[in-house]
2 protein chains.
Amino acid sequence: MTEGQSPPDTALPTLEDVASRSGVSTATVSRCLNSPDRVSEETRKRVMAAVRDLGYAPNFGARTLAGKRTNTFGAIIPTMENAIFARGLQAFQEELHAHGVTLLVASSSYKPSVEEEQIRALVARGADALLLIGHDRTPESYAFLAKRQIPHLIAWAYDPALDRMSIGFDNRQAMKALALEVIDLGHRTIGFITAARDGNDRARGRYEGLCDAMRSRGLDPESLAIRETTYGIARGGEAFAELMALTPRPTAVVCGNDVLAVGAVKRAQQMGLRVPQDVSITGFDDIDIAEIVSPALTTVHVPHREMGRRAARALLDMRNGAGRGPNICLDATLKRRESLGPVPVA
Amino acid sequence: MTEGQSPPDTALPTLEDVASRSGVSTATVSRCLNSPDRVSEETRKRVMAAVRDLGYAPNFGARTLAGKRTNTFGAIIPTMENAIFARGLQAFQEELHAHGVTLLVASSSYKPSVEEEQIRALVARGADALLLIGHDRTPESYAFLAKRQIPHLIAWAYDPALDRMSIGFDNRQAMKALALEVIDLGHRTIGFITAARDGNDRARGRYEGLCDAMRSRGLDPESLAIRETTYGIARGGEAFAELMALTPRPTAVVCGNDVLAVGAVKRAQQMGLRVPQDVSITGFDDIDIAEIVSPALTTVHVPHREMGRRAARALLDMRNGAGRGPNICLDATLKRRESLGPVPVA
DNA sequence: TTGTAGGCGTTATCAG
DNA sequence: CTGATAACGCCTACAA
């Protein structure tokens with residue numbers, strides 16, 4: 001009945017089409033594709049030819065339905081537009097690809113509700129494991145992950161107080177170290193430009209690290225002039241200008257990331273302020289632009305690539321039944337460059 | 001028989017679990033999820049409660065198998081690590097999300113064979129439509145796309161000679177315009193730093209545009225000193241150093257993209273060469289660093305975000321049956337900044 | 001408004 | 001080595 005010469009152009013070829021065209025059963029075709037050695041050389045050739053002719057590709061849905069591992073991992077990042085994620089993810093994807101798994105990426109625009117959606121979407125599409133960024137997400141997301149027992153790993157963050165599977169670095173500690181450096185250079189009036197801290201534990205951790213440093217040197221965190229803004233070079237510039245209008249004017253502006261810091265540096269120059277002679281500026285992440293801008297940014301170097309690579313390995317292990325994942329803290333090291341100097345003599 | 005209280009923690013809840021827990025049939029549960037208005041208020045509440053309790057999520061594979069639209073689009077880019085794709089893709093994804101479709105991204109590492117794999121992977125996973133970068137890909141990829149009638153759109157490239165559905169800009173024309181500017185400033189000895197042109201029609205188009213410009217001013221493209229290198233700031237610097245060791249030494253170095261150009265500028269400064277007084281350098285793409293580096297890069301501005309947004313709309317239309325997609329050429333405009341100047345007087 | 005039943009494409013189990 | 005055939009989880013007529 002369904003012996004048609006070739007499938008109508010509107011329908012996708014199925015296993016059955018391949019089978020009838022090569023005169024074997026669907027079971028045999030399936031074997032050809034999955035365990036070629038369990039099929040005779042001759043029939044295999046015939047089947048493969050039919051596969052090519054028909055442009056057959058297995059239906060993934062059916063395949064996973066029939067109960068096989070998908071070899072697909074998912075990753076959900078806040079935004080593709082942030083170089084730190086792009087870099088780490090590229091390494092992550094390369095490592096996975098080397099192990100035969102396909103990576104699917106989705107982005108949440110920093111919205112926990114969207115992230116929850118994406119988690120479900122990826123899992124529903126058969127993701128064997130998930131890479132997530134940071135600790136902040138809806139309780140529903142965590143509940144879902146637990147109930148479905150999805151191997152997952154949190155990257156870009158490490159919180160000693162949390163007992164989660166993660167591979168990241170201690171944002172708070174790293175920022176504290178940097179801030180200590182700033183304070184010990186004599187700065188007392190400090191400004192802080194940060195991304196939104198709500199729903200972003202990395203940003204919050206950095207803020208807390210700064211407060212820690214101030215307290216440990218007898219400064220009151222309350223005296224910190226804060227500007228919270230969205231991601232973007234221009235945004236950093238605007239926030240910087242606001243800070244410079246304050247009295248007393250900060251002698252150092254600590255930024256939550258390099259992008260904001262670069263905006264601050266550029267704006268300073270437009271305002272005729274010399275960096276660091278008139279005002280010091282620091283970044284965080286050590287992405288390319290940190291070194292390109294002049295003066296180059298004093299910042300915190302984060303091993304994005306290594307993080308991606310190791311996250312891939314850990315997730316692969318977990319998927320292979322290695323049990324509970326690791327909780328690894330990578331080193332984020334201080335990078336001294338020119339944008340930070342001693343407080344100007346009044 | 002399968003009347004277990006609650007599903008063992010090792011198995012995922014299915015429609016049936018939800019059904020039995022809420023005392024209705026699977027059909028009703030399905031309706032609750034897909035067309036809630038066709039179900040009584042009361043039963044719906046009961047069902048939804050069960051859904052939540054069980055942490056139920058529909059199995060996507062089964063769903064597409066049963067023949068529904070997936071509301072999932074796919075995109076395959078060469079690498080996440082290149083800001084130009086990241087920016088366009090973010091816009092693409094936001095537009096799609098606003099229309100209720102999930103975007104899944106995969107990357108090919110600039111390898112056509114990997115891209116072919118990814119195309120199959122995404123289609124198999126039920127992608128309703130695909131966004132691809134550039135025209136260069138294996139014939140098998142095109143054959144597959146045609147046979148399966150997958151709505152797809154090519155972005156970041158526009159070739160007037162090709163009759164394909166695409167939304168991009170004319171790399172060749174844009175580079176020609178930029179190169180004309182260089183030549184008309186008096187430069188006769190020109191260097192060119194480019195990404196690998198094999199399998200990358202955008203890079204090739206830019207190269208050809210440069211040749212066009214030279215020819216149209218009576219210069220021999222053969223005299224062009226070319227360095228082909230991989231992506232990365234450092235790579236651009238190395239290629240630049242090689243070019244500067246040539247005799248005669250180029251007075252202008254045209255770069256295939258901003259990243260390479262920034263590397264060249266930085267290296268020039270390390271070598272004690274003033275830009276543009278001693279040597280001119282140009283970029284392409286107009287990403288953030290083009291403006292951050294000093295001197296700022298003379299480059300070609302590409303409307304990445306708009307491209308992403310419009311690609312999303314076009315693909316949405318195609319998926320909705322709007323027939324053959326568009327072939328749109330966006331404007332890429334010359335951005336004059338400081339890195340390009342007249343040829344030095346000998 | 002709700003339930004029943006058939007089928008979607010693949011894999012796996014069992015016989016031949 | 002190969003062929004039937006029963007799941008897999010969901011959707012959608014069709015019936016009630």
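Each chain gets a letter, A, B and so on, in the order its sequence line appears, and its residues count up from 1.
- Listed pair B/T28 / C/dT2 fails the phosphate criterion, with no side-chain N or O lying under 4.0 Å from OP1 or OP2.
- Note: CG (A/N59) to P (C/dT11) measures 10 Å, nearest angstrom.
- Taking 4.0 angstrom as the limit, B/S40 places a side-chain polar atom (N or O) nearer than this to OP1 or OP2 of C/dT2.
- Here B/R63 reaches the OP1 or OP2 of D/dC11: one of its side-chain N or O atoms lies under 4.0 Å away.
- The separation between B/R44 atom CZ and C/dT1 atom P is 10 Å, rounded to whole Å.
- Taking side-chain N and O atoms only, A/T43 has no distance below 4.0 Å to OP1 or OP2 of D/dC1.
- B/R31 has its CZ atom 15 Å from the P atom of D/dC10, to the nearest Å.
- Once rounded to the nearest 0.5 Å, the distance linking CD of B/Q118 with CD of A/Q93 reads 6.0 Å.
- Look at CG on A/L33: it is 14 Å from P on D/dT2, rounded to the nearest Å.
- Straight-line distance from the CG atom of A/L54 to the P atom of C/dG9: 13 Å, rounded to whole Å.
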Go through B/R137 and B/E116 one step at a time and tell me if the salt bridge (Lys or Arg N to Asp or Glu O under 4.0 Å) criterion holds. CA-CA 8 Å; B/R137 55 182 46 81; B/E116 188 181 336; over 6 Å; no
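- At least one side-chain nitrogen or oxygen of B/N34 sits closer than 4.0 Å to the OP1 or OP2 atom of D/dC11.
- Closest contact between the side chain of B/S30 and the listed nucleotides D/dC11, D/dG9, C/dT10 involves D/dC11.
- Within a 6.0 Å sphere centred on CG of B/D198, heavy atoms belonging to other residues, nucleotides or ligands number 12 at most.
- Contact between the side-chain N/O atoms of B/S25 and the OP1/OP2 oxygens of C/dG3 is found at a separation under 4.0 Å.
- Note that OG1 of A/T79 and CD1 of A/I133 are 11.5 Å apart. Values are rounded to the nearest 0.5 Å.
- Using a 4.0 Å heavy-atom distance criterion, B/L15 is classed as a sugar-phosphate-only contact.
- Between the CG atom of B/D37 and the C1' atom of C/dT2 there is a distance of 15 Å, rounded to whole Å.
- Per the geometry, CD belonging to A/E16 stands 13 Å off P belonging to D/dG3, to the nearest Å.
- Each of A/A27 and A/E41 was matched to the nucleotide of DNA chain D holding its nearest heavy atom; the match closer to the 5' end belongs to A/E41.
- As rounded to whole Å, 13 Å separates atom C1' of C/dC8 from atom CG of A/D17.
- Under 4.0 angstrom from either OP1 or OP2 of D/dC10 there lies no side-chain N or O belonging to B/T26.
- The closest side-chain donor-acceptor pair between B/R319 and B/N71 falls under 3.5 angstrom.
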